[in-house]
Amino acid sequence: MTGVILRTALVFVCVACASGAVGAGRPEAPAQSPATEGDVLKKFQARIDTYMELHNRLEKESRERGPADSPEQLRASQKALAAKILAARKNPRQGDIFFPDARTVLRARLRRVLQGPNAAELKKSMEGPTRMLFRVHAEYP
């Protein structure tokens with residue numbers, strides 16, 4: 001279940017990046033652009049992998065207490081995991097994972113997909129709130 005939630009959240013975050021919601025209103029420093037899109041994606045993947053290693057380790061430690069038997073217990077365990085992640089990530093900042101070059105590449109790729117032959121179907125599958133404020137460690141609405 002957690003994997004589904006993470007994938008869903010990642011899709012929404014990617015869409016937010018493509019729409020300009022993430023980082024909106026924040027001036028960006030000029031980036032030292034890697035040579036290729038592939039370089040950007042490798043760097044982005046490495047940052048995601050680092051975060052997921054932390055997440056998975058802390059989730060495994062939390063799971064040792066036993067499975068959640070009710071929605072309330074599940075929610076409490078999710079909040080406890082979030083608190084552990086927050087405590088483990090020292091001084092997290094916007095751009096740590098979705099750095100400027102990654103946002104540029106992801107926006108371009110999403111733009112191409114969302115203008116392709118399956119655009120209407122994809123857009124319909126992503127219906128939801130049109131304006132969301134994304135912040136580091138903020139709870140997903």
Side-chain angles (χ1 to χ4, degrees), residues 1-116 118-141:
M1 178 81 168
T2 302
V4 172
I5 292 169
L6 286 173
R7 282 191 296 277
T8 302
L10 185 57
V11 167
F12 280 107
V13 170
C14 288
V15 170
C17 286
S19 68
V22 175
R26 182 177 61 94
E28 294 181 5
Q32 296 290 333
S33 296
T36 67
E37 185 176 282
D39 291 339
V40 171
L41 293 176
K42 284 178 188 172
K43 184 177 175 183
F44 177 63
Q45 185 64 54
R47 290 178 181 208
I48 289 176
D49 290 345
T50 299
Y51 173 82
M52 289 308 301
E53 287 170 10
L54 172 68
H55 178 279
N56 292 338
R57 179 176 53 81
L58 295 174
E59 183 179 42
K60 182 179 177 188
E61 290 172 8
S62 297
R63 215 179 300 133
E64 293 171 357
R65 294 182 302 155
D69 294 326
S70 70
E72 293 79 20
Q73 287 176 315
L74 177 61
R75 182 72 180 129
S77 109
Q78 289 172 337
K79 283 190 165 221
L81 176 59
K84 287 180 181 182
I85 292 170
L86 178 61
R89 292 186 70 215
K90 303 296 181 214
N91 303 314
R93 297 179 332 166
Q94 186 172 346
D96 286 350
I97 296 174
F98 286 92
F99 55 99
D101 286 336
R103 289 194 304 263
T104 300
V105 168
L106 293 171
R107 285 178 180 149
R109 284 181 163 218
L110 284 168
R111 192 175 303 114
R112 286 191 303 266
V113 169
L114 293 174
Q115 293 172 351
N118 300 321
E121 182 182 336
L122 287 170
K123 288 176 184 177
K124 185 174 181 174
S125 73
M126 294 185 290
E127 287 179 356
T130 56
R131 294 297 265 160
M132 291 189 288
L133 179 61
F134 290 99
R135 292 186 313 266
V136 174
H137 287 303
E139 188 171 330
Y140 184 77

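Side chains are part of it too, since the values below use all heavy atoms of this structure and drop only hydrogens, waters and symmetry mates. Quantities reported herein were computed from a predicted structural model and do not represent experimental measurements. Residues: numbered from 1 along the sequence shown.
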Do the side chains of Val40 and Phe99 get nearer than 4.5 Å, heavy atoms only?
yes
For Leu122, enumerate each residue passing the side chain to side chain contact (heavy atoms under 4.5 Å, CB included) test, keeping only those at least two apart in sequence or located in another chain.
Val113, Leu114, Asn118
Quick one: does Leu110's side chain get under 4.5 Å of Gln115's, heavy atoms only?
no
Gap separating the CZ atom of Arg57 from the NZ atom of Lys60, nearest 0.5 angstrom
11.0 Å
Given the rule in the salt bridge (charged side-chain N to carboxylate O under 4.0 Å, His left out) test, do Lys84 and Glu61 qualify, once you have shown the distances and angles that lead to the verdict?
CA-CA 10 Å; Lys84 287 180 181 182; Glu61 290 172 8; 5.1 Å; no
Please examine the side chains of Asp101 and Phe44, heavy atoms only from C-beta on, and report whether any two atoms are closer than 4.5 Å.
no
Going from CD1 on Ile85 to CD on Glu59, what distance comes out if it is rounded to the nearest 0.5 angstrom?
8.0 Å
Using the test salt bridge (Lys or Arg N to Asp or Glu O under 4.0 Å), find all partners of Arg47 that sit at least two apart in sequence or belong to another chain.
none
Nearest 0.5 Å please: distance from the NZ atom of Lys42 over to the CD atom of Gln45.
11.5 Å
Is Leu58 close to Leu81 at the side-chain level, that is, under 4.5 Å between some pair of heavy atoms?
yes
Backbone N or O of Met52 within a donor-acceptor pair of the Asn56 side chain at under 3.5 Å?
yes
Measure the NZ-OG distance between Lys123 and Ser125 for me, rounded to the nearest 0.5 Å.
11.5 Å
